[in-house]
Amino acid sequence: MTTRAEPGDDQHDPGLSVIVSERRRLINLAYRLLGSLADAEDVVQETYARWYAMSARERQAIGSPGAWLMTVAGRICLNLLGSARARRETYVGDWIPEPLPEPTEWNTGGSGGDRTDPADRVTLDESVTMAFLVVLDAMTPAERVAFVLHDVFRYPFGEVAEIVGRTPAACRQLASSARRRVRTAQTPAAGPGAGRAGIVRRFRTAWEAKDIDGLIGLLDPDAVATADGGGLAVTHPHPIVGGERIARAYAEIARVSGDRTTFLERTVNGLPGLVAYQDGGIATVFAFEIAGDRIRRIWAVRNPEKLRPWRMG
C-alpha cells in the first residue's frame with residue numbers, strides 16, 4: 001500500500017513549489033476517501049483556498065505545510081462523507097466509485113474541465129481497486145478516514161486523532177473495525193495479473209460472440225453485476241444476481257448493441273478491465289473482481305460524469 005511521504009520541509013517561507021508539490025498526495029488521499037476524482041479535486045481546491053486565506057505570517061508559522069494540508073483535506077473529506085449518505089438517497093440507481101485508467105491512459109488533451117494534470121493522477125495500488133473502494137464505501141465516515149490514514153498512508157493514530165476528532169485509542173478501534181470489514185470481504189487469491197487478464201479476455205470474447213455457455217463458464221454461480229448510470233445513461237436498474245442470469249443479460253446487451261459497440265481491454269483501477277466504445281466515444285467502463293478462476297463481481301460505470309478521466313482529446 002501507499003507509504004507515507006514526508007511533507008515539505010521549508011520551515012520559514014513555504015513557496016508555491018513546496019505547496020503545489022503536495023497536490024498529488026492530497027488527490028491520492030481524497031480519492032481513496034471519497035471514491036470520486038471530481039470530489040477529490042474539489043477537496044484539494046478547498047484545502048488550498050484555506051491555506052491562502054491565511055496571512056503570510058500565519059503560513060510562515062506552520063512548521064510542516066504538508067502535514068497541515070493533509071490534516072485540512074482529511075477533515076474536509078470527513079465532513080463530505082458525513083453528508084454523502086444523504087446525497088446517495090437522491091442518486092438514481094446504484095452508486096459505484098469513479099473508475100480510473102492506467103496513468104499512461106489518462107486524458108492529457110481536450111480543453112477546460114476535460115484536461116487532467118499529471119499531479120492529479122492517483123497512484124494505482126491495491127488500495128484503489130474497485131473491490132477495495134466498494135468495501136471502503138460501506139464503512140462509517142470515521143472508520144474510513146481512520147483506516148485510510150493509518151493503514152494506507154501510515155499516519156500514527158495520534159495524528160489520525162487530530163483529523164477525526166477522537167482519541168488515539170478510539171481511532172485505533174475504528175481502524176480495527178474497518179480492517180475486519182476488509183478481511184470479511186476479501187476473496188480467494190485470483191492468481192497473477194496475467195491470469196486475471198486472461199479471464200477478462202475470455203469474457204470479452206464470449207460476450208462479443210454472444211456465447212451464453214462460455215459466459216456462464218467464466219462467471220461464479222453467485223456472481224453479481226452492478227451498473228451505475230446515475231440517471232444519465234441507460235442501465236439495468238438493479239444488480240443482476242447469478243452467473244446464468246448475468247450471462248443471458250449480457251448476451252442480450254451484445255445482441256441489441258450489435259456492431260455499434262467495441263470492447264477494448266484496459267486497466268481499471270490497477271486491474272484488468274474492459275472499456276466499451278459506442279459511436280466513437282466511451283460508453284461504459286467495466287471493473288471485475290475475480291475469485292480463483294471465476295468472475296465474482298462486475299461493476300459497469302456508465303454515468304458520463306464519472307468517465308471524464310477516460311475521455312481523449
Side-chain angles (χ1 to χ4, degrees), residues 1-5 24-37 39-40 70 73-74 77 81 95-106 120-141 143-156 160 174-201 203 220 223-224 226 228 265-275 285-301 306 309-310:
M1 290 188 177
T2 307
T3 55
R4 184 180 175 194
R24 185 165 186 174
R25 195 158 64 108
L26 295 172
I27 286 285
N28 272 273
L29 172 69
Y31 174 74
R32 285 165 173 80
L33 289 178
L34 302 175
S36 165
L37 183 61
D39 288 346
M70 287 286 280
C77 287
L81 286 169
W95 188 93
I96 297 175
E98 187 175 310
L100 295 180
E102 186 74 16
T104 56
E105 297 167 4
W106 283 67
D120 290 342
R121 295 175 184 170
V122 175
T123 302
L124 300 182
D125 59 24
E126 65 269 31
S127 69
V128 293
T129 64
M130 190 62 72
F132 193 84
L133 291 176
V134 168
V135 175
L136 288 180
D137 193 57
M139 297 177 184
T140 68
E143 279 180 333
R144 188 167 184 170
V145 173
F147 175 75
V148 169
L149 283 170
H150 180 266
D151 284 43
V152 179
F153 285 84
R154 305 305 183 193
Y155 268 59
V160 175
L174 288 169
S176 178
S177 173
R179 226 170 279 127
R180 286 194 296 271
R181 289 178 183 261
V182 172
R183 285 197 298 267
T184 299
Q186 282 180 332
T187 61
R196 288 192 291 263
I199 292 170
V200 171
R201 182 173 299 116
F203 182 86
D220 185 280
V224 179
T226 307
D228 177 348
E265 296 164 33
R266 292 287 185 265
T267 298
V268 181
N269 285 63
L271 293 176
L274 294 175
V275 174
V285 173
F286 297 89
F288 298 87
E289 181 183 44
I290 298 173
D293 60 354
R294 297 287 187 96
I295 295 170
R296 194 173 93 159
R297 291 293 303 265
I298 302 174
W299 294 280
V301 180
K306 294 185 177 184
W310 298 81

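The shown structure was predicted, so the numbers you read here are calculated from the model rather than taken from an experiment. Sequence positions, counted from 1, serve as the residue numbers for this chain.
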Restricting to non-hydrogen atoms, name the atom on [X] and the atom on [Y] that form the minimum distance, rounded to 0.1 Å.
{"X": "Y31", "Y": "E98", "result": "OH-O, 2.6 Å"}
{"X": "V268", "Y": "F286", "result": "CG2-O, 3.5 Å"}
{"X": "N269", "Y": "V128", "result": "ND2-O, 2.7 Å"}

K306 versus L37: any side-chain heavy-atom pair under 4.5 Å?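 With C-beta onward as the side chain, the pair stays apart.
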pair F288-L271: side-chain heavy atoms closer than 4.5 Å: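 Contact flag for F288/L271 side chains = no.
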When you check the side-chain N and O atoms of S177 and R181, is any donor under 3.5 Å from an acceptor?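 No pair is found: no donor N or O on one side chain lies under 3.5 Å from an acceptor on the other.
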Determine whether S176 and R180 satisfy the following criterion, side chain to side chain donor-acceptor pair (under 3.5 Å), listing intermediate values before the conclusion. CA-CA 6 Å; S176 178; R180 286 194 296 271; 3.3 Å; yes
Pairwise distance [atom1]([X]) to [atom2]([Y]) - rounded to 0.5 angstrom:
{"X": "R144", "Y": "L81", "atom1": "CZ", "atom2": "CG", "answer": "5.5 Å"}
{"X": "R179", "Y": "E143", "atom1": "CZ", "atom2": "CD", "answer": "11.0 Å"}
{"X": "R266", "Y": "E102", "atom1": "CZ", "atom2": "CD", "answer": "10.5 Å"}

Before you tell me yes or no, could you show the steps for F153 and V148 under side chain to side chain contact (heavy atoms under 4.5 Å, CB included), namely the whole-Å CA-CA distance, both residues' side-chain angles and the distance that decides it to 0.1 Å? CA-CA 6 Å; F153 285 84; V148 169; 3.8 Å; yes
D220 side chain vs R294 backbone, donor-acceptor pair below 3.5 Å: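 Side chain of D220 to backbone of R294: no pair is present.
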Please list, chain by chain and in numerical order, all residues satisfying side-chain contact (heavy atoms from CB on, under 4.5 Å) with T226, sequence neighbours excluded.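 For T226, the residues satisfying side-chain contact (heavy atoms from CB on, under 4.5 Å) (neighbours in sequence not counted) are D94, I96, V224, P239, R297, W299.
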Give the intermediate values and the outcome of side chain to side chain contact (heavy atoms under 4.5 Å, CB included) for residues V145 and M139. CA-CA 9 Å; V145 173; M139 297 177 184; over 6 Å; no
Going through the distances and angles, do I290 and R296 end up as a side chain to side chain contact (heavy atoms under 4.5 Å, CB included)? CA-CA 5 Å; I290 298 173; R296 194 173 93 159; over 6 Å; no
